[in-house]
Asker: 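What follows is a structure written as structure tokens; I'll ask about it next.
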Amino acid sequence: MLKLLSSSSSCLQARVHVQGHRRTCIRLCSLISISTIPSSQPFSLPIISELIAKQHWSELKTHLKDSNFIAVLHQLFDAGADPVLILRYFSWSQNNFNVTHPLELTCRLLHSLANAKKYSKIRAFLDGFVRNNEKHSNSSIFHMLSMCGNQFCANSVIIDMLVLAYVKNMKTRLGFEAFQRAGDYGFKLSVLSCNPLLSALVKENEIGYVEYVYKEMVRRRIEADLFTFSIVINGLCKVGKLNKARDVTNDMKAWGISPNVVTYNTLIDGYCKKGGLGKMHKADAILKEMVANNVHPNEITFNILIDGFCKDENVASAVKVFEEMKQGLKPNVITYNSLINGLCCNGKLDEACGLQDEMLGLGLKPNIVTYNALINGFCKKKMMKEAKELFDDIMNGGLMPNAITYNTLIDAYCKHGMMEEAYALHNSMLERRVSPNTSTFNCWIACFCRQGNMELARKFLHEMEVRGLKADPITYNLLIDALCKEGESRKAERLLNEMFKKGLSPSHVTYNTLMDGYCREGNLKAALNVRLQMEKEGKRANIVTYNVLIKGHCMKGKLKVANELLNEMLEKGLVPNRTTYEIVKEEMMEKGFLPDIEGHLYNISSF
DNA sequence: GTAGGGTTAG
């Protein structure tokens with residue numbers, strides 16, 4: 001009830017700046033013939049109303065005979081019948097005669113329901129409308145709504161519910177479009193539709209639109225709440241726009257809303273996953289800020305940190321956080337999975353298995369993610385027998401292997417040349433009705449590319465597309481890499497362009513692979529062009545980019561340019577890795593060229 | 001009635 005009151009008072013504000021538009025509506029309304037359908041029909045309105053009220057549909061059908069069911073609808077409206085009764089007749093006649101009523105009547109119905117404050121009816125109606133509507137664009141819906149009535153509150157409420165209906169029915173794009181149009185019409189939306197819209201946009205990775213909706217909400221004075229801010233912060237974090245996420249955190253404080261444990265967890269996770277150099281320090285700083293603001297870290301906070309340290313190849317710190325967590329909180333399956341995976345990725349299989357036992361001791365059941373992490377650990381150590389034993393163990397625990405389980409094992413068998421076992425698993429996957437996905441095909445394509453069997457790789461690519469699975473950026477990376485290794489970098493570049501056409505965004509790996517291809521062919525000019533293209537796409541050269549370019553220049557005897565690139569790299573604060581060291585050693589120093597890395601002696605000493 | 005955490009393939 002309170003919510004309704006506050007939304008009607010905000011409608012008063014909305015009226016002020018949309019008066020010009022309202023005048024247009026009124027003018028147009030007088031031009032269209034909303035209720036001028038001939039009414040000389042052989043039916044009685046009171047009887048019809050009675051039959052609808054009692055839901056005596058077959059009698060109603062008999063009574064109406066050949067009457068124009070649309071004319072009945074018009075008469076019901078004109079007689080000022082109960083909106084819920086009209087709604088019943090509207091839905092029944094639409095289903096019964098398998099027709100779609102004109103948009104004009106739909107809008108009239110919505111208005112009468114809104115005026116009667118039958119909001120849940122509107123919600124349900126719009127849900128069905130959005131699901132079945134293929135005919136009416138947002139443009140015509142908005143147009144008709146404002147023609148049929150100039151009640152601003154009603155229209156705002158209806159459009160608010162329309163946006164929500166779009167989002168719930170996974171028509172996010174249309175929901176976004178309606179949000180935009182609502183701004184043009186001056187209809188005031190609420191967080192009830194804006195938050196779900198933002199949430200859907202985040203899930204679809206449309207962060208540009210998330211930023212737009214957020215800015216518009218501020219501009220249109222739609223009062224954002226804690227959820228709004230947390231959703232936006234999450235969206236920004238997911239694409240690594242951490243500074244903007246911090247800005248939004250400050251915005252919310254300025255609006256008098258304090259970040260809670262979810263907001264802080266989101267930010268910490270953002271830094272852990274996309275924070276770049278020294279990310280764990282930054283994550284830790286947020287943790288400290290959180291505690292200072294009296295927001296208590298929970299299991300999820302610790303899980304995020306544990307995973308963060310593991311991915312940062314700092315399992316020791318992850319274990320420390322894990323011990324600290326145990327002081328006051330209970331680790332859950334996700335905690336164990338993160339740590340087990342971290343240990344597995346760092347080759348510490350014994351400790352990982354020990355943790356699995358610890359879980360069991362605590363009554364925590366390992367799930368398929370636990371098994372997948374352990375299987376992956378054994379696979380990476382070429383311990384295929386142990387991996388297969390774990391795989392066979394999955395069913396004993398009442399679990400089912402999933403696509404990731406199969407992909408992990410198929411990939412490992414392929415990499416270790418155990419083709420028979422790989423094929424057998426693929427068949428077992430099909431038998432158990434686990435659908436191979438794009439990643440499964442990527443494993444096979446990678447396998448054949450490694451074997452230099454491009455024909456078979458292409459056959460699998462084709463098979464994949466026949467099955468309705470789409471090539472993803474990783475598929476392209478594999479194909480580009482294979483072509484580059486065949487000395488066909490030009491052809492590989494065509495695939496890069498194909499990616500754009502398919503709406504796939506190439507990653508650093510894609511560009512670096514192609515650059516490496518050109519460098520191997522000695523075509524430095526083309527390689528540098530790829531770098532330019534990459535930077536145009538907003539991707540900065542990373543350590544791999546420099547490794548590739550430095551090596552490419554060395555191979556061509558352009559040691560001076562290679563040296564300049566090395567300096568440029570260090571100036572940008574990029575940390576040399578083992579590959580950089582090997583290039584400098586083998587391609588420069590062993591050939592009698594001493595790299596001149598002014599001011600970076602300290603950095604180079606870390607080689 | 002809306003927000004946060006774990007597994008594969010380059």
Side-chain angles (χ1 to χ4, degrees), chain A residues 3 123 164 167-168 190-200 202-203 224-235 237-238 252 259-270 272-273 297-308 310-311 318 331-342 344-345 366-377 379-380 401-412 414-415 436-447 449-450 472-482 484 506-513 516 544:
Chain A
K3 230 163 214 165
R123 252 178 244 124
L164 186 63
V167 173
K168 279 191 175 166
S190 74
V191 283
L192 297 176
S193 66
C194 293
N195 289 354
L197 173 64
L198 283 167
S199 183
V202 170
K203 287 201 181 89
D225 61 11
L226 176 61
F227 289 87
T228 318
F229 292 112
S230 296
I231 297 166
V232 173
I233 289 168
N234 183 32
C237 283
K238 288 280 171 303
M252 74 189 277
N260 68 358
V261 62
V262 178
T263 326
Y264 280 115
N265 286 348
T266 308
L267 270 171
I268 293 174
D269 191 49
C272 284
K273 295 207 166 76
N298 61 13
E299 290 88 343
I300 298 180
T301 321
F302 282 96
N303 289 349
I304 291 166
L305 288 167
I306 289 169
D307 185 60
C310 285
K311 298 271 158 70
N332 59 22
V333 183
I334 297 183
T335 322
Y336 279 97
N337 287 348
S338 302
L339 206 48
I340 287 174
N341 184 51
C344 284
C345 290
N367 62 15
I368 191 63
V369 179
T370 325
Y371 278 101
N372 290 346
L374 285 165
I375 289 173
N376 184 40
C379 284
K380 291 276 139 53
N402 62 14
I404 296 178
T405 325
Y406 281 106
N407 296 350
T408 307
L409 278 165
I410 290 172
D411 187 61
C414 285
K415 279 185 179 140
N437 55 24
T438 298
S439 304
T440 319
F441 280 94
N442 285 346
C443 294
W444 286 113
I445 292 167
C447 174
C449 284
R450 269 194 307 268
D472 69 4
I474 294 176
T475 322
Y476 276 95
N477 291 348
L478 292 166
L479 297 171
I480 288 172
D481 188 48
C484 285
S507 65
H508 273 99
V509 180
T510 323
Y511 290 109
N512 291 340
T513 306
D516 190 44
V544 182

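Residue numbers begin at 1 in each chain, while the letters A, B, ... track the order of the sequences.
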Asker: Taking only side-chain N and O atoms of A:Lys415, does any of them lie within less than 4.0 angstrom of OP1 or OP2 on B:dG10?
Answerer: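 Affirmative; the distance criterion is met.
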Asker: Can you tell me how far C1' of B:dT2 sits from CG of A:Leu192, to the nearest Å?
Answerer: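 Taking CG of A:Leu192 and C1' of B:dT2, I get 8 Å after rounding.
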Asker: Looking at every strand, decide which applies to A:Val232 at a 4.0 Å heavy-atom threshold: base, sugar-phosphate, or nothing.
Answerer: nothing
Asker: Please pick, from B:dT8, B:dA9, B:dA3, the nucleotide with the shortest atom-to-atom distance to any side-chain atom of A:Lys203.
Answerer: B:dA3
Asker: Heavy atoms from C-beta onward define the side chain here; which of B:dA3, B:dA9, B:dG10 lies closest to that of A:Val509?
Answerer: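 Side chain of A:Val509 sits closest to B:dG10.
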Asker: What is the distance, rounded to the nearest whole Å, between atom CG of A:Asp411 and atom C1' of B:dT7?
Answerer: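 Whole-Å distance recorded here is 14 Å.
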Asker: OP1 or OP2 of B:dA3 versus the side-chain N and O atoms of A:Thr266: is any pair under 4.0 Å?
Answerer: no
Asker: Please determine, for the side chain of A:Leu478, which listed nucleotide (B:dA3, B:dG10, B:dT7) has the closest atom?
Answerer: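 Nearest to the side-chain atoms of A:Leu478, counting from C-beta on, is B:dG10.
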Asker: Between A:Ser199 and A:Asn195 (side chain of the first, backbone of the second, donor and acceptor by atom type, cut-off under 3.5 Å), is there such a pair?
Answerer: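 Such a contact is absent between A:Ser199 side chain and A:Asn195 backbone.
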Asker: Please confirm whether any donor atom in the side chain of A:Ser507 sits under 3.5 Å from an acceptor in the base of B:dG10, or the reverse.
Answerer: yes
Asker: When you measure from the side chain of A:Val262, which nucleotide among B:dT7, B:dA9, B:dA3 comes out closest?
Answerer: B:dA3
Asker: Once you round it to whole Å, what is the distance between C1' of B:dT7 and CG of A:Asp307?
Answerer: 10 Å
Asker: Rounded to whole Å, please give me the gap between CG in A:Asp225 and P in B:dG1.
Answerer: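 Atom CG in A:Asp225 sits about 14 Å away from atom P in B:dG1.
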Asker: Once you apply a heavy-atom cut-off of 4.0 Å, does A:Ser439 come out as touching a base, just sugar-phosphate, or nothing?
Answerer: base
Asker: Calculate, to the nearest 0.5 Å, the distance between atoms OG1 and CG belonging to A:Thr301 and A:Asn298 respectively.
Answerer: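 Result: 4.0 Å between the selected atoms.
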Asker: Could you check which of B:dA9, B:dA3, B:dT7 has an atom nearest any side-chain atom of A:Asn341?
Answerer: B:dT7
Asker: Picking from B:dA9, B:dG10, B:dG1, which would you name as closest to the side chain of A:Lys168?
Answerer: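 So the nucleotide nearest the side chain must be B:dG1.
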Asker: Just to be sure I understand the rule, does A:Val202 reach a base, reach only the sugar-phosphate, or reach nothing, if contact means heavy atoms closer than 4.0 Å?
Answerer: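 It contacts nothing in the nucleic acid.
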Asker: Hey, does the side chain of A:Asn376 come within less than 4.0 Å of B:dT8's phosphate (OP1/OP2), counting only N and O?
Answerer: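 Affirmative; the distance criterion is met.
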Asker: Any side-chain to backbone donor/acceptor pair from A:Asp481 onto A:Asn477? Under 3.5 Å, distance only.
Answerer: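 Judged by distance alone, no pair lies under 3.5 Å.
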Asker: Does B:dT7 have OP1 or OP2 under 4.0 Å away from a side-chain N or O of A:Lys380?
Answerer: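 No, because none of the side-chain N or O atoms of A:Lys380 sits under 4.0 Å from OP1 or OP2 of B:dT7.
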Asker: Under the 3.5 angstrom rule, does the side chain of A:Asn407 hit a backbone N or O of A:Ala403 as a donor-acceptor pair?
Answerer: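 Pair found, side chain donor or acceptor close to backbone of A:Ala403.
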Asker: Would you classify A:Ile304 as touching base, sugar-phosphate or nothing, given that sugar-phosphate means primed atoms plus P, OP1 and OP2, and contacts are heavy atoms under 4.0 Å?
Answerer: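 Since only primed, P, OP1 and OP2 atoms lie under 4.0 Å of A:Ile304, the category is sugar-phosphate.
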Asker: For A:Thr228 and A:Asp225, which I'm curious about, is there any donor-acceptor pair between the side chains at under 3.5 Å?
Answerer: yes
Asker: Quiz question: going by heavy-atom distance under 3.5 Å, is there a donor-acceptor pair between the base of B:dA3 and the side chain of A:Asn260?
Answerer: yes
Asker: Only one of A:Thr475, A:Ile474, A:Ile445 clears side-chain contact (heavy atoms from CB on, under 4.5 Å) with A:Thr438; which?
Answerer: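 The passing option is A:Thr475.
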Asker: Measuring from the side chain of A:Lys311 (C-beta onward, heavy atoms only), which nucleotide among B:dA3, B:dT7, B:dA9 has the closest atom?
Answerer: B:dT7
Asker: How many Å lie between CG on A:Asn298 and C1' on B:dA3, as a whole number?
Answerer: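 Spelled out: CG on A:Asn298 to C1' on B:dA3 is 13 Å.
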